[in-house]
Amino acid sequence: MRLAVLSGKGGTGKTTVAVNLALSWAPYRITTYVDYDVEEPNGFIFLRPQIQSSSTVFLPYPKINGACTLCGKCSEACQYHALAVVGGQVLVFPELCHGCGTCGIVCPVDAVDEVKRSLGQIDVGERDGVQCLQGVLKEGESLAGPVIRELRHLEKKHISQVEEVIVADCPPGSSCSVIHSAEDSDLALLVTEPTLFGLHDLKIAVRLMREMGLDFGVIQNKDDGGTLIREYCTQEGITLLGSIPFDLEIARIYSRGQSLMNEPKWADLFKTLGERIVTEVNLRKTRGERA
Ligand code: SF4
Ligand code: SF4
């Protein structure tokens, strides 16, 4: 069972939900938490896993050799403007290069060599039975895609059994990174908060899920008892999977970088939420098989 935890914007409690759900399932199911929010991964702050391995994610970029005739074909072919023929040389801008290899293919004289630069890293660890994976994009880098692709690849390698639970903590927003980290999930959990901004961003996330054809439900964080999110879900026929109350104790635990599972009240809340989610996934599977 793969669950994608998403939010239309940052700061809604997406990671709180993802981390605590993973911890609540771990005693009963093989559970893996994967932090795809590579620009700002903070799940490990709360999980504090024992790191077992780290690997660097590299991206290739071109290095022009002496065979170059300055024909300009490579710079014309590069859709990312990472090459320019200027002043009798080919300038390479590695930070713009997406590593697509087109320049090497179009060069008529084999003047494009490939070198690599480090883009980020992937860490693997374990905490209380939760396998933990995270991608970290290097500071100053903007290309999250290759790190996310590598992480997806590693996630697939880690899945040992079909009944395993994968909790994918996706980046906020609605970018390509969100799509790549959420696709092929059994259910997307859209985490929102009961404010007009929260509702606005929830609507964007809902639109994205519908375009992707992904099953989804909503989890309301900082629930103040208001009707804003409930009414929207009812109007749109969206399942409200559960709510986490607005509570200062949660904020205090969060600010200390701790998980909520140490407090029985919150541990029970996440256990119930987890059971509700498993029921929902099974229900949707049964409906899908019948259809
Ligand atoms: S590898 Fe692709 S993106 Fe990079 S410089 Fe060559 S054509 Fe441009
Ligand atoms: S296509 Fe090859 S030969 Fe032409 S400018 Fe680029 S590197 Fe030089």
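Bear in mind that the values here come from a model prediction, so they are computed numbers and not experimental data. Counting starts at 1 for both ligands and their atoms, following the listed order.
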Distance from atom 4 (Fe) of ligand 2 to nearest protein heavy atom, with residue and atom: Cys71 SG, 2.3 Å

Nearest-contact summary for atom 2 (Fe) of ligand 2 - protein heavy atom, Å: Cys107 SG, 2.4 Å

Atom 4 (Fe) of ligand 1: protein N, O or S atoms that are less than 2.8 Å away, sorted by chain: Cys97 SG

Qualifying residue, where the test is side chain to side chain contact (heavy atoms under 4.5 Å, CB included) with Tyr232 and the options are Thr227, Leu199, Leu240: Leu199

Test: Arg284 and Glu280 ion pair at under 4.0 Å: yes

Lys/Arg N to Asp/Glu carboxylate O, Arg252 vs Glu263, below 4.0 Å: no

Top protein contact for atom 8 (Fe) of ligand 2, by heavy-atom distance: Cys68 SG, 2.3 Å

Glu249 atom CD, over 12 foreign heavy atoms within 6.0 Å: yes

Heavy-atom nearest neighbour in the protein, as seen from atom 6 (Fe) of ligand 2, with distance rounded to 0.1 Å: Cys74 SG, 2.3 Å

Close-contact set for ligand 2 against Val109 heavy atoms, below 4.0 Å: 3 (S)

Which residues share a side-chain hydrogen bond (donor to acceptor under 3.5 Å, both in side chains) with Asp35, sequence neighbours left out: Tyr33

Sub-4.0 Å heavy-atom approach of Leu70 to ligand 2: yes

Tyr254 ring center near Phe46 ring center (under 6.0 Å): yes

Side chain to side chain contact (heavy atoms under 4.5 Å, CB included) against Ser175, all qualifying residues, sequence neighbours excluded: Ser177, Val178

Atom 3 (S) of ligand 2: the protein heavy-atom neighbour that sits closest, reported with distance to 0.1 Å: Thr69 N, 3.4 Å

Any Leu119 side-chain heavy atom under 4.5 Å of Lys138 side chain: no

Side-chain cluster (under 4.5 Å, hydrophobic types only) that Phe246 belongs to, other residues: none

Identity and separation of the nearest protein heavy atom to atom 5 (S) of ligand 2: Gly72 N, 3.3 Å

Carboxylate-amine/guanidinium proximity below 4.0 Å for Asp215 and Lys285: no

